[in-house]
Undergrad: 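My questions all concern the structure below.
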Amino acid sequence: MPAMTSALRLGNPALRQFVRFGIVGVANTAVCLAVVWTAQGVLGVPVWLAGALGYGVAMVQSYLVNRNWTFAGGGTLPVGSQVVRFILVNIVMGTIFSVSTDLLAPQFGVRPASLIVIVPLTVLSFLATKFFVFGRGSRA
């Protein structure tokens, strides 16, 4: 039990990174929506293009903030390798989210299914970003 208590303290580097990862995710969602709504609603950009722009801007922000804040310094891999891995992780996570939500939607409905999927997917995305994108050399 003492190990569990220690792991749950915010002073624990992995937990601190996970909390930061969540904060970055919320900020990315806000940026994505702001870009989509501005591009589509104010500038009249087609919805599909506004969505792509919003997602792209949020993904760039996500990489930069996660590299420089969540995982403080970005680990040991070259930046080019990190970017490719980051894009790959986002494609894989997006695919898992879409397929899993689609599979669960008939039983639970789309909104509940997406909420069910997002919890384990956030943990999986954190682990993939921490170890695959930024490598074991990342610091809290």
Side-chain angles (χ1 to χ4, degrees):
M1 192 63 134
M4 177 69 102
T5 306
S6 173
L8 294 177
R9 276 192 242 123
L10 201 51
N12 179 291
L15 182 58
R16 186 171 49 247
Q17 286 178 332
F18 186 73
V19 168
R20 288 179 177 184
F21 189 79
I23 292 168
V24 173
V26 170
N28 294 338
T29 301
V31 166
C32 180
L33 293 175
V35 170
V36 169
W37 294 344
T38 301
Q40 203 284 314
V42 177
L43 303 175
V45 172
V47 173
W48 69 268
L49 182 56
L53 288 170
Y55 193 84
V57 169
M59 204 159 103
V60 169
Q61 171 186 289
S62 178
Y63 172 78
L64 293 172
V65 177
N66 276 314
R67 182 178 195 280
N68 294 305
W69 183 55
T70 305
F71 301 106
T76 57
L77 294 171
V79 171
S81 295
Q82 288 178 352
V83 169
V84 169
R85 288 173 177 222
F86 187 78
I87 291 168
L88 181 61
V89 166
N90 276 272
I91 290 169
V92 169
M93 294 304 147
T95 301
I96 292 171
F97 177 81
S98 297
V99 170
S100 300
T101 301
D102 188 55
L103 290 172
L104 293 174
Q107 186 174 7
F108 298 102
V110 173
R111 289 182 182 145
S114 63
L115 292 174
I116 291 167
V117 170
I118 203 69
V119 173
L121 197 59
T122 298
V123 174
L124 183 60
S125 181
F126 169 75
L127 293 172
T129 303
K130 178 176 176 63
F131 294 109
F132 180 68
V133 174
F134 296 116
R136 294 187 187 277
S138 61
R139 301 175 306 279

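Quick note: numbers below take in every heavy atom, side chains included, and nothing from hydrogens, waters or symmetry partners.
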Undergrad: Do V60 and V79 share a hydrophobic cluster (ILVMFWY, side-chain heavy atoms under 4.5 Å, transitive)?
TA: yes
Undergrad: Treating Ile, Leu, Val, Met, Phe, Trp and Tyr as nodes and any side-chain heavy-atom pair under 4.5 angstrom as an edge, say whether L115 and V117 lie in one connected cluster.
TA: no
Undergrad: Kindly give the heavy-atom pair with the smallest separation between P112 and G109, and that separation in Å.
TA: CD-O, 3.5 Å
Undergrad: Could you name each residue pair satisfying side chain to side chain donor-acceptor pair (under 3.5 Å) that touches residues 29-45, not counting sequence neighbours?
TA: none
Undergrad: Would you mind listing the cluster partners of V45? Hydrophobic ones only (ILVMFWY), side-chain contacts under 4.5 Å, chaining allowed.
TA: V31, V35, V42, L43, W48, L49, L53, V57
Undergrad: Please name all residues satisfying side-chain contact (heavy atoms from CB on, under 4.5 Å) with F18, sequence neighbours left out, ordered by chain then number.
TA: T122, V123, F126
Undergrad: Could you go step by step and tell me if F71 and T129 meet the side chain to side chain contact (heavy atoms under 4.5 Å, CB included) rule?
TA: CA-CA 9 Å; F71 301 106; T129 303; 3.6 Å; yes
Undergrad: Test of understanding: clusters of I, L, V, M, F, W, Y form through side-chain heavy atoms closer than 4.5 Å, transitively. Do I116 and I118 belong to the same one?
TA: yes
Undergrad: How long is the span from the CE atom in M93 to the CG atom in L121, to the nearest 0.5 Å?
TA: 6.0 Å
Undergrad: Show the numbers, then the answer: is there a side chain to side chain contact (heavy atoms under 4.5 Å, CB included) between L64 and W69?
TA: CA-CA 8 Å; L64 293 172; W69 183 55; over 6 Å; no
Undergrad: List the residues meeting side-chain contact (heavy atoms from CB on, under 4.5 Å) with N28, not counting sequence neighbours, and say none if there are none.
TA: V24, A58, Q61, S62
Undergrad: How long is the gap from CG on L104 to OG on S114, to the nearest 0.5 Å?
TA: 10.0 Å
Undergrad: Between N12 and A14, which heavy-atom pair has the shortest distance, and what is it?
TA: OD1-N, 2.9 Å
Undergrad: Can you pull the ring pair (Phe, Tyr, Trp, His ring centres under 6.0 Å) pairs that have at least one residue in residues 98-121, sequence neighbours excluded?
TA: none
Undergrad: Could you check whether any side-chain N or O of R20 sits under 3.5 Å from a backbone N or O of N66, counting only pairs where one atom can act as donor and the other as acceptor?
TA: no
Undergrad: Quick one: side chain to side chain donor-acceptor pair (under 3.5 Å) pairs with a partner in residues 80-89, sequence neighbours left out?
TA: Y63-Q82, R67-Q82
Undergrad: With a cutoff of under 4.5 Å between side-chain heavy atoms, which Ile, Leu, Val, Met, Phe, Trp and Tyr residues group with V47?
TA: none
Undergrad: My understanding is that only residues two or more places apart in sequence, or in another chain, count here; which of them pass side-chain contact (heavy atoms from CB on, under 4.5 Å) with L88?
TA: V92, F132
Undergrad: Not counting sequence neighbours, list each pair that qualifies as a side chain to side chain donor-acceptor pair (under 3.5 Å) and has a residue in residues 100-112.
TA: none
Undergrad: Answer yes if L77 and F134 sit in the same cluster of Ile, Leu, Val, Met, Phe, Trp and Tyr residues linked by side chain heavy atoms under 4.5 Å apart, and no otherwise.
TA: no
Undergrad: Would a hydrophobic clustering, with Ile, Leu, Val, Met, Phe, Trp and Tyr connected at side-chain separations under 4.5 Å, put L127 with F21?
TA: yes
Undergrad: Compare every heavy atom of V36 with every heavy atom of A50, then report the nearest pair and how far apart it is.
TA: O-CG2, 3.3 Å
Undergrad: To the closest 0.5 Å, what do you measure between CD1 (I96) and CG (L124)?
TA: 5.5 Å
